[in-house]
There are 4 protein chains.
Amino acid sequence: MQQTYRLVIDCPDQVGLVASVSQFLASHNASIVEASHHTDLQTGRFFMRHEIGADSLKLDHESFVEAFTPLASEYQMNWKFTASSKKQRVALLASLESHCLVDLLHRWHTGELHCDIPVIIGNHPQMKQFADWYKVPFHWVDFKALGKDAAFAQISTLLDEYKIDLTVLARFMQILPDSLCQQLAGKAINIHHSFLPSFAGAKPYQQAYDRGVKLIGATCHYVTKDLDEGPIIEQSVKRISHSDSAADMVRKGKDCEVTALAHGVRYHLEDRVIIHRNKTVVFA
Amino acid sequence: MQQTYRLVIDCPDQVGLVASVSQFLASHNASIVEASHHTDLQTGRFFMRHEIGADSLKLDHESFVEAFTPLASEYQMNWKFTASSKKQRVALLASLESHCLVDLLHRWHTGELHCDIPVIIGNHPQMKQFADWYKVPFHWVDFKALGKDAAFAQISTLLDEYKIDLTVLARFMQILPDSLCQQLAGKAINIHHSFLPSFAGAKPYQQAYDRGVKLIGATCHYVTKDLDEGPIIEQSVKRISHSDSAADMVRKGKDCEVTALAHGVRYHLEDRVIIHRNKTVVFA
Amino acid sequence: MQQTYRLVIDCPDQVGLVASVSQFLASHNASIVEASHHTDLQTGRFFMRHEIGADSLKLDHESFVEAFTPLASEYQMNWKFTASSKKQRVALLASLESHCLVDLLHRWHTGELHCDIPVIIGNHPQMKQFADWYKVPFHWVDFKALGKDAAFAQISTLLDEYKIDLTVLARFMQILPDSLCQQLAGKAINIHHSFLPSFAGAKPYQQAYDRGVKLIGATCHYVTKDLDEGPIIEQSVKRISHSDSAADMVRKGKDCEVTALAHGVRYHLEDRVIIHRNKTVVFA
Amino acid sequence: MQQTYRLVIDCPDQVGLVASVSQFLASHNASIVEASHHTDLQTGRFFMRHEIGADSLKLDHESFVEAFTPLASEYQMNWKFTASSKKQRVALLASLESHCLVDLLHRWHTGELHCDIPVIIGNHPQMKQFADWYKVPFHWVDFKALGKDAAFAQISTLLDEYKIDLTVLARFMQILPDSLCQQLAGKAINIHHSFLPSFAGAKPYQQAYDRGVKLIGATCHYVTKDLDEGPIIEQSVKRISHSDSAADMVRKGKDCEVTALAHGVRYHLEDRVIIHRNKTVVFA
């Protein structure tokens with residue numbers, strides 16, 4: 001796979017902005033593999049992502065950052081400049097359902113998800129068997145024995161110790177405390193097993209069954225302190241009918257959950273997502 | 001098109017039920033073009049629809065009904081026996097948006113929707129031009145001049161005068177009064193421009209834009225007195241992204257609205273929908 | 001609707017290209033509403049589309065073209081600079097099926113398709129009724145009476161007389177002669193009622209029925225002299241099952257045809273499509 | 001999970017057939033969990049599947065078969081009567097790509113696929129690691145060392161020894177010889193990585209890339225001696241764009257392959273598929 005840098009920017013829109021950035025990139029010989037722009041005409045905010053062939057660039061990472069900083073300040077940018085060679089460190093949190101966990105592990109194992117997975121954390125011990133096969137350390141945090149506060153304190157410590165960049169709740173059936181949500185803002189992704197905002201909260205497939213909808217879905221979103229209210233990255237749906245029981249919906253919905261989460265995590269890892277207020281720009 | 005009869009049944013499930021009905025049909029030489037069954041295992045209710053070649057049947061409509069009634073009573077059936085040759089009379093209600101109205105009219109004109117459309121009712125006069133082309137009487141019910149109560153009284157009278165079997169709210173932007181909802185129970189279909197239960201009520205595309213969902217949709221459902229809460233017949237969705245404004249969503253959503261409504265109306269006209277509590281069985 | 005200009009470019013990729021274009025735009029105060037880039041890494045070709053707020057630009061159309069020409073030459077660009085205010089002139093060609101024709105006319109009537117439709121041409125007279133309602137001149141070119149060569153000569157003359165920019169074959173069931181295909185290269189769009197390259201040629205739904213596929217589709221593509229082989233703009237599919245007859249497929253496929261064609265035509269009219277060899281870049 | 005029997009029938013259609021079968025079932029107290037019917041009006045063939053609560057039936061499996069045989073003969077039925085408790089024995093054949101293999105194994109492990117998997121066969125040794133984890137014997141058949149004929153002879157022997165009911169080619173990149181195809185007729189399922197009949201044969205994603213299609217797909221079908229021409233069970237598609245390289249298509253296509261194959265295998269295992277000529281009836 002070609003090594004690239006990613007320059008991701010959001011800032012107030014103004015004439016000359018793209019020219020300045022493009023001029024900067026060209027002056028350092030950047031060969032642009034992929035470029036995406038978006039202007040939010042309502043808020044006047046501009047979003048831009050460049051993927052640059054690493055070989056072409058005449059600056060190393062540090063020098064680029066130093067050289068770009070004045071321009072970034074001038075345009076009041078939120079920005080980052082990342083190297084595809086530097087893998088993010090991802091923690092997977094799971095409970096008893098294995099489908100999302102195993103899917104992510106397999107995509108990671110085959111190189112589709114370009115990251116490190118240094119730890120898997122379960123509030124039950126059952127997922128250890130999968131962690132073992134993939135040779136990832138597994139920590140069982142016993143919520144029953146510890147109580148919720150101590151359990152989450154332990155998780156928070158683990159995330160620190162493993163220097164985690166991204167926390168993925170792969171059907172982790174515990175609601176994170178506000179403080180942890182804030183600490184992980186923009187760095188924790190959840191999969192909810194409904195087409196949000198429909199059927200937030202508990203037992204969404206049963207809710208969907210009771211309402212008699214004709215499509216079910218799943219939503220991949222950033223975790224915020226308001227349950228199931230965070231910025232949505234990806235959604236997936238599947239047709240059902242009257243002949244599907246709530247159990248059938250659970251089974252069919254898994255395929256939605258798996259793909260929506262896998263897409264969302266990949267977009268995040270490739271720096272394709274920019275959070276703006278409670279929404280996302282996804283340069284898919 | 002082949003003439004058929006449709007025998008549609010729902011009743012408590014029990015062993016021998018299908019055998020009795022099948023035996024009855026066979027004894028009158030019914031050639032079955034299409035047969036659909038569903039057992040709701042939660043409630044123990046059974047649903048069945050047979051479409052029968054009209055030529056094969058050794059009974060006329062009236063005789064069939066008379067002959068079948070004892071069996072229907074024995075099994076406590078809700079049932080109907082309809083002839084495809086007998087077209088339902090459909091009223092279309094519209095406001096200012098023409099896409100659903102024109103789509104239904106065109107499908108009717110080309111024979112895809114097998115019904116009569118004796119009247120179109122608007123709370124604005126603009127849709128008259130389309131009604132004229134299709135040579136359907138148009139009534140403008142002036143809500144502003146009449147006030148809501150008198151206006152709906154006039155609509156109710158029109159539905160009576162035209163002997164309407166099915167009322168279709170083709171983006172009719174007025175909320176029906178409870179009394180009319182009850183009077184039209186199971187005989188009025190609405191299209192709501194969101195993926196219900198998400199974004200019920202006013203301005204669903206703006207709601208969807210504000211929430212930042214990645215798919216938008218439309219829901220075709222029976223009208224009940226609880227707004228946007230009636231039994232769902234059909235839903236349709238379409239992928240969107242951050243680059244879609246609320247206006248883009250309105251445009252893209254129209255394609256969802258048009259197909260969801262057209263499907264729902266066709267299913268109803270072909271007696272493919274059975275309402276059970278607040279849900280539907282749709283033998284599509 | 002906001003007036004915009006569209007600058008659409010394709011050329012060999014090289015470092016500095018985007019900077020030069022952006023710098024040019026900024027120097028004339030262009031406020032960029034939408035920007036799309038694509039690099040074809042296999043062929044080293046670069047594609048770019050800018051949509052610019054017309055009010056912001058300090059040059060009129062003619063001056064812009066003059067000023068930009070040297071840059072375009074330097075980078076060996078294929079390019080165009082169009083104004084959204086200048087509507088393309090579209091001819092619709094149809095036969096006996098009305099669904100695509102009526103759909104396009106309705107989208108045009110409601111302003112979704114921003115173009116002029118000065119003429120409709122039929123190889124049968126039946127579509128005149130729709131043309132009349134929309135007050136568009138209708139020409140019946142009688143293929144039986146004239147023979148194919150004379151008939152197409154007449155069509156060619158009509159396209160000239162009406163100064164047609166885009167010819168849309170809205171289920172026009174006649175194969176264009178090679179000479180006309182070449183004359184209309186990149187300016188004629190067809191809808192084929194299958195998911196190409198499956199089921200090219202005649203009776204695609206019957207072919208699909210015979211093969212027993214589980215999805216049917218439609219393909220919107222540019223017309224070339226190789227039948228159903230031109231660059232694809234848009235495709236649409238729909239799930240079917242064993243219970244669908246070939247006639248059911250025809251009915252269900254119409255919804256695919258209508259949306260694929262409407263999308264393809266809109267993309268073309270908004271200068272969102274760039275043809276490259278036998279493929280398209282579509283900045284949707 | 002509730003134990004059930006499945007009675008699956010296809011035979012020439014005639015009046016009284018359903019009545020006779022229903023009467024037979026009722027007379028033995030069969031409680032019908034799910035019933036599906038289809039009449040192919042073109043060929044006059046009738047298809048029927050009943051799923052029966054095992055507890056309700058007053059006959060054991062053997063007695064049922066004996067009692068039903070006369071009726072089956074009378075109506076010239078192809079039929080089978082299977083018990084959900086009796087798991088089919090499935091062999092998985094794979095090469096170097098693990099996504100379909102691992103997906104099937106995981107669905108089997110979690111009980112979604114109700115079968116035994118006594119053996120995995122690879123023409124390369126790499127998949128052994130997954131087989132080991134799931135504790136399934138793995139046989140590496142070395143095509144290079146053995147030559148194609150001897151290799152397939154060995155596979156045929158393995159299928160016999162393990163008493164295999166269903167052979168699944170989970171991206172097994174070897175073309176089965178005609179004799180083996182015939183031997184496994186209706187008992188071998190393949191996943192082809194295109195939307196058949198488009199892009200049969202080798203490198204379908206490259207073919208799709210070259211043609212410039214806007215959707216890619218996968219097809220699950222029974223193996224026949226005509227490559228990629230067998231009866232289709234399930235198809236799945238996914239939208240792509242000009243920005244997707246052939247490698248992107250490979251990655252995106254995997255999700256289609258995985259779900260199409262998983263669905264197809266489940267339908268087969270639950271006796272939901274009836275092959276008729278070169279097509280399938282799938283009571284999904």
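Naming convention: chains lettered A, B, ... in sequence-line order (proteins, then strands); numbering from 1 in each chain. The analysis underlying the following values was restricted to heavy atoms, covering all of them including side chains, and did not include hydrogens, waters or symmetry mates.
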Exercise. Provide the closest heavy-atom pair for A:F195 versus B:S198 in the form atom of the first, atom of the second, distance.
Key: O-OG, 3.9 Å
Practice problem: Heavy atoms only, distances under 4.5 angstrom: which of B:D210, B:T219, B:I232 has the most pairs with chain A? Name it, please. | Solution: B:I232
Quiz item: Does B:K187 NZ have over 12 foreign heavy atoms under 6.0 Å away?
Solution: no
Self-check item: chain A contact via B:S241 - side chain, backbone, both or neither, heavy atoms under 4.5 Å
Solution: neither
Quiz item: Any side-chain heavy atom of B:V282 sitting closer than 4.5 Å to one from A:K214?
Solution: yes
Quiz item: What part of B:D40 lies closer than 4.5 angstrom to a heavy atom of chain A: side chain, backbone, both or neither?
Solution: side chain
Practice problem: Provide the closest heavy-atom pair for B:H242 versus A:T280 in the form atom of the first, atom of the second, distance. | Solution: CB-O, 3.6 Å
Exercise. May I ask you to name which of A:R277, A:H276, A:R211 has the most heavy-atom pairs under 4.5 Å with chain B?
Key: A:R211
Quiz item: What is the minimum heavy-atom distance between A:L196 and B:V213, and which atoms define it?
Solution: O-CG1, 3.7 Å
Quiz item: How about A:K225: does its NZ atom have over 12 heavy atoms from other parts shown lying under 6.0 Å from it?
Solution: no
Exercise. Could you check which of A:H221, A:Q235, A:E234 has the highest count of heavy-atom pairs closer than 4.5 Å to chain B?
Key: A:Q235
Quiz prompt | Contact origin within B:F283 toward chain A - heavy atom pairs under 4.5 Å | solution = both
Quiz item: Is it the backbone or the side chain of B:I233 that comes under 4.5 Å from a heavy atom of chain A, or both, or neither?
Solution: backbone
Exercise. Calculate, to the nearest 0.5 Å, the distance between atoms CD and OH belonging to B:Q42 and A:Y209 respectively.
Key: 4.0 Å
Self-check item: Over 12 foreign heavy atoms within 6.0 Å of NZ, B:K279
Solution: yes
Quiz item: Does NZ in B:K252 sit with more than 12 non-hydrogen atoms of other residues, nucleotides or ligands closer than 6.0 Å?
Solution: yes
Practice problem: For atom NZ of B:K80, decide whether the heavy atoms of other residues, nucleotides or ligands shown that lie under 6.0 angstrom number more than 12. | Solution: yes
Practice problem: Please check if atom CD1 in B:I175 has more than 12 non-hydrogen atoms from other residues, nucleotides or ligands closer than 6.0 Å. | Solution: no
Quiz item: In Å and rounded to the nearest 0.5 Å, what is the CZ to OG distance from B:R239 to A:S236?
Solution: 7.0 Å
